[in-house]
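For the numbers below, each heavy atom of this structure counts, side chains included, while hydrogens, waters and symmetry mates do not. Quantities reported herein were computed from a predicted structural model and do not represent experimental measurements.
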Protein chains: 2
Amino acid sequence: MVKKTRQKELILRTLQSNPFHPTAVSIYDEVRKEMPHISLATVYRNLRLFTDMGEISELEISGGLSRFEVRTDNHGHFWCNTCESVFDIEMIDKELNGRVAREKGFEVSNYRLVLRGLCPDCQPARQADTISSLGKEPED
Amino acid sequence: MVKKTRQKELILRTLQSNPFHPTAVSIYDEVRKEMPHISLATVYRNLRLFTDMGEISELEISGGLSRFEVRTDNHGHFWCNTCESVFDIEMIDKELNGRVAREKGFEVSNYRLVLRGLCPDCQPARQADTISSLGKEPED
DNA sequence: CTACTTGCAAAATATTTGCGTTATT
DNA sequence: AATAACGCAAATATTTTGCAAGTAG
């Protein structure tokens, strides 16, 4: 029997209001503002509980630190090289990816796609001529 | 100045001959057969060195344990739910994936795709209608 | 009440690092 | 001979767990 506690509610509410796929420690830092005596173990414990119950999902994408999000459906992620934020990417070709594997006899149940690069906020301004002296203009 | 050592050669040779994307500990277990006094730290140290030099690549796909491979080009992976082996998947739609993100203003430099499911060896025999017998009846 | 949950500290897991010694160039 | 690399142990970093005390149902 899972009991409702102030800690659980606060942790879930915090995650729901954070679109950047925070780590357990980020969530800990945030909930501590409202509940200073909460333990990091409680945060980890409840994030694991929610994950096991299928209410949230855990993203093991950023090397070492797990991140969490409220979405539980299959979708891609974009992880910025500079600010390290993680964004959701709606995939349109999941079918295609699956087919590639299926052709070789693999049975695909789900996938994890992480794109790396620069998010809009972290890209150097491209419209300004003033920075053109740096001469770095990435082209496809 | 990077010096050539028996340890480095053995570690690299072991990785080159293993197509299953082994972890550092797997590699350690393997090289110890030939060099019993080698240290796990040496394995980790050299895997990191090779990775930093771009000679091999590190895969952070399996939650906790890093895996390594000799390929350094961008490609996908299939991670079996049962045997936990990791296989290479040649992507044909990397462009498409990139475009999805680019349309939203993201600048994609590389990607990581991990498909989860069952590899050919771990799939239950599908031809049999009944599961009356424990023995698998291969009939390809 | 009594079973689940918390907070704290210690343990567990994975990887890195300090240091004195060994081996490569 | 100089210095990169090794082996070992200790240190880090992240997450989990044992336990006594607190709290929800």
Between CZ of R67(A) and P of dT14(D) the distance, given in whole Å, is 12 Å
Without decimals, in angstroms, what is the distance between L59(B) CG and dT15(C) C1'? 17 Å
E60(A) atom CD is separated from dT14(D) atom C1', nearest whole Å, by 12 Å
Does anything in residues 35-57 of chain A reach DNA chain C, meaning a heavy atom under 4.0 Å, and if so which residues? H37(A), I38(A), S39(A), A41(A), T42(A), R45(A), N46(A)
Checking salt bridge (charged side-chain N to carboxylate O under 4.0 Å, His left out) against E58(B), which of R112(B), R71(B), R48(B) comes through? R48(B)
Would E69(B) and H75(B) count as a side chain to side chain donor-acceptor pair (under 3.5 Å) here? Give the steps. CA-CA 12 Å; E69(B) 70 175 339; H75(B) 61 282; 3.2 Å; yes
Gap between atoms CD and P, on E9(B) and dA23(C) respectively (whole Å): 15 Å
salt_bridge(E107(A), R116(B)) N-O dist < 4.0 Å: no
R6(B) atom CZ, over 12 foreign heavy atoms within 6.0 Å: no
Write down the distance between CD (Q7(B)) and C1' (dT24(C)), rounded to a whole number of angstrom. 11 Å
T42(B) side chain to Q7(B) side chain, donor-acceptor N/O pair below 3.5 angstrom: no
Separation of atom CE in M1(A) from atom P in dT5(C), rounded to whole Å: 9 Å
N/O (side chain, T5(A)) to phosphate O (OP1/OP2, dC4(C)) under 4.0 Å: no
Can you measure Y28(B) atom OH to dT13(C) atom P for me and round it to whole angstrom units? 16 Å
Under-4.0 Å side-chain N/O to phosphate OP1/OP2 contact, K8(B) with dA5(D): yes
I'd like to know whether T14(B) forms a side chain to side chain donor-acceptor pair (under 3.5 Å) with E30(B), so could you lay out the CA-CA distance, the side-chain angles of the two residues, the decisive distance to 0.1 Å, and finally the verdict. CA-CA 7 Å; T14(B) 301; E30(B) 189 117 352; 5.9 Å; no
Quick one: which of dA14(C), dG25(D), dT24(C) gets closest to the side chain of L65(B)? dA14(C)
Go nucleotide by nucleotide along DNA chain C from the 5' end; which of I11(A) and A24(B) gets its closest nucleotide reached first? I11(A)
Students often get this wrong, so: under 4.0 angstrom with heavy atoms, is V2(B) touching a base, only sugar-phosphate, or nothing? sugar-phosphate
If I take atom CZ from residue F106(B) and atom CH2 from residue W79(A), how far apart are they, to the nearest 0.5 angstrom? 15.0 Å
In whole angstrom, give the distance that lies between atom NZ of K3(B) and atom C1' of dT3(D). 5 Å
